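For clarity, every value in this text was computed on a predicted model and none was experimentally measured. For ligands, and for the atoms within them, numbers begin at 1 and follow the listed sequence.
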Amino acid sequence: MTVGFIGLGNMGGPMALNLVKAGYRVQGFDTVKAAQEAAQAGGVVLAATAAQAVQGADAVITMLPSGPIMLTVWQQVIPAIKDGALIMDCSTVDIDSCRKAHDLAAARGLAALDAPVSGGVGGAVAATLTFMAGGSQAAFDRATPLLSAMGKSLTHCGDAGAGQAAKICNNMILGISMIAVGEAFALADKLGLSRQALFDVASKSSGQCWSLTTYCPVPGPVPTSPANNGYKPGFAAALMLKDLRLSQDAANGAGAQTPLGAAATALYAAMDQAGEGGRDFSAMFERLAEGKA
Ligand code: NAD
């Protein structure tokens, strides 16, 4: 089976290589030379254009920076895709672009899926990503072997756009909860409560959450968290800001009240403006502790 893979960056590169390892012929395209070379070294067959990458492919996957870029690429490749093929986007994009992409595919009679991921670059490399998919059951069933070669947890969330909706809602929880945990540690410092004591209590109490127990924003309690590594990402604050902005666009469009989502967006925007967008998003703790938030 042949897969056309467009967008061979930090996430798409290792995902494409996992498809190669699973025995698929992968025809890849990216606009950046370094991404092309890394993919080629791992067994991806390089294409000169996006349209060439999808030629003869049974399935096409895009993993791109934003909704507008994804839509442009889908417009380019859809006429070149063979009849009956499956097309899916694994990027994190706005709901509007996502729905437009589904419409483009439907107009050509192609099965389509939005299938964004959680799990970061580590998950992409280790093929342990979580996929949340939107589209028909038939499209999801067809995509399952491909998704299984790149991830370990697959959820069919509903019709077109449901995968992106799940991704946006999940990451809004994450952005808010990381700030909540950071605030609690900053307050504990001022109250003379040790970080380890707060961790020991909250990790076994009602304050327990992933931002505390897996990704603890202070050095010490969770040795694998970015706080122990100079807040090297991980998940960069600029990417968290991107996802929070998508949540606010979605909330405005749908008439949903998300006051904490709005506050989290403003705090990450300030962090980005201060030149800290490249730090891990858990470095928000330092900004709170230093009174810079
Ligand atoms: P990235 O910037 O490393 O990769 C994107 C790639 O797309 C780049 O290599 C770029 O050259 C390529 N590209 C851009 N325009 C193109 C075009 N017109 N044609 C072909 N290639 C093009 O980003 P990433 O970290 O791989 O993220 C990709 C997507 O996954 C984003 O939507 C991001 O929000 C999402 N995501 C990222 C993470 C993460 O931890 N990095 C986690 C979950 C989801």
### Task
Taking the six-membered ring for Trp and the full ring for Phe, Tyr or His, determine whether the centres of Y231 and F285 are under 6.0 Å apart.
no
### Task
For atom 2 (O) of ligand 1, state whether the nearest protein heavy atom is under 4.0 Å away.
no
### For atom 44 (C) of ligand 1, the protein heavy atom that lies nearest, with its residue and separation
T92 OG1, 3.6 Å
### Query
Judging by distance only, is a nitrogen or oxygen of S118 under 3.5 angstrom from one on ligand 1?
no
### Message
Whether D96 and K100 form a salt bridge (side-chain N of Lys/Arg under 4.0 Å from carboxylate O of Asp/Glu) is what I want to check.
### Response
yes
### Message
Would N10 count as a polar contact of ligand 1, with the cut-off being nitrogen or oxygen pairs under 3.5 Å?
### Response
yes
### Query
Should you measure from each heavy atom of F29, which atoms of ligand 1 turn up under 4.0 Å away?
19 (N), 20 (C)
### Message
Only heavy atoms of V117, strictly under 4.0 Å: list the atoms of ligand 1 that pass.
### Response
43 (C), 44 (C)
### Task
Identify the protein heavy atom lying closest to atom 14 (C) of ligand 1, giving its residue, its atom name and the separation to 0.1 Å.
P65 CD, 3.8 Å
### Task
Would you kindly say whether W210 and S177 are connected by a side-chain donor-acceptor distance under 3.5 Å?
no
### Message
Side chains of D94 and S97 only: does a donor on one sit below 3.5 Å from an acceptor on the other?
### Response
yes
#### Entry: Basic-acidic side-chain contact under 4.0 Å: K292, E286
no
### For atom 4 (O) of ligand 1, the protein heavy atom that lies nearest, with its residue and separation
G9 CA, 3.4 Å
### Query
Heavy-atom distance under 4.5 Å between the side chains of Q164 and V93, does that happen here?
yes
### Summary
For I81 and V54, the nearest pair of non-hydrogen atoms, with its separation, is CG1-CG2, 3.8 Å
### Message
Under 4.0 Å between a side-chain nitrogen and a carboxylate oxygen: does that hold for K232 and D280?
### Response
no
### Query
Any chance CD of Q137 has more than 12 other-residue heavy atoms, nucleotides or ligands included, within less than 6.0 Å?
yes
### Query
Quick one: does atom 23 (O) of ligand 1 have a protein heavy atom under 4.0 Å from it?
no
### Query
Hey, any chance L19 and F29 share a hydrophobic cluster, counting ILVMFWY side chains that come within less than 4.5 Å of each other, even indirectly?
no
### Message
Counting only heavy atoms closer than 4.0 Å, does ligand 1 sit against the backbone of T72, its side chain, both, or neither?
### Response
neither
### Query
Just which atoms of ligand 1 are under 4.0 Å from any heavy atom in S91?
32 (O)
### Message
According to a hydrophobic-cluster definition based on side-chain heavy atoms being under 4.5 Å apart (Ile, Leu, Val, Met, Phe, Trp, Tyr only), do F199 and M284 belong together?
### Response
no
#### Entry: Taking atom 30 (O) of ligand 1 as the reference point, the nearest protein heavy atom with its distance
M63 CE, 3.1 Å
### Query
At a 4.0 Å threshold, what atoms of ligand 1 neighbour a non-hydrogen atom of I6?
20 (C)
#### Entry: Min N/O separation K167 to ligand 1 under 3.5 Å
no
### Nearest neighbour in protein (non-hydrogen) for atom 29 (C) of ligand 1
L64 O, 3.4 Å
### Query
Could an N or O of ligand 1 be found under 3.5 Å from any N or O of L239, whether backbone or side chain?
no
### Query
Considering all heavy atoms of both residues, which atom of G135 and which atom of H102 are nearest to each other, and what is their separation?
CA-CE1, 4.3 Å
### Task
For ligand 1, indicate whether the residue M15 contacts it via side chain, backbone, both or neither (heavy-atom separation under 4.0 Å).
neither
### Query
Is the closest side-chain donor-acceptor distance between S118 and T130 under 3.5 Å?
no
## Note on the structure
Closest heavy-atom approach to atom 38 (C) of ligand 1 among K33, Q36, K242, M11 is made by M11
### Message
Looking only at protein heavy atoms, which one is nearest to atom 40 (O) of ligand 1, and what is the separation?
### Response
G120 CA, 3.5 Å
#### Entry: Closest candidate by heavy atom, reference atom 8 (C) of ligand 1, pool I69, V32, T31, D30
D30
### Task
Distance to 0.1 Å, residue and atom name: give those for the protein heavy atom nearest to atom 18 (N) of ligand 1.
V73 CG2, 3.7 Å
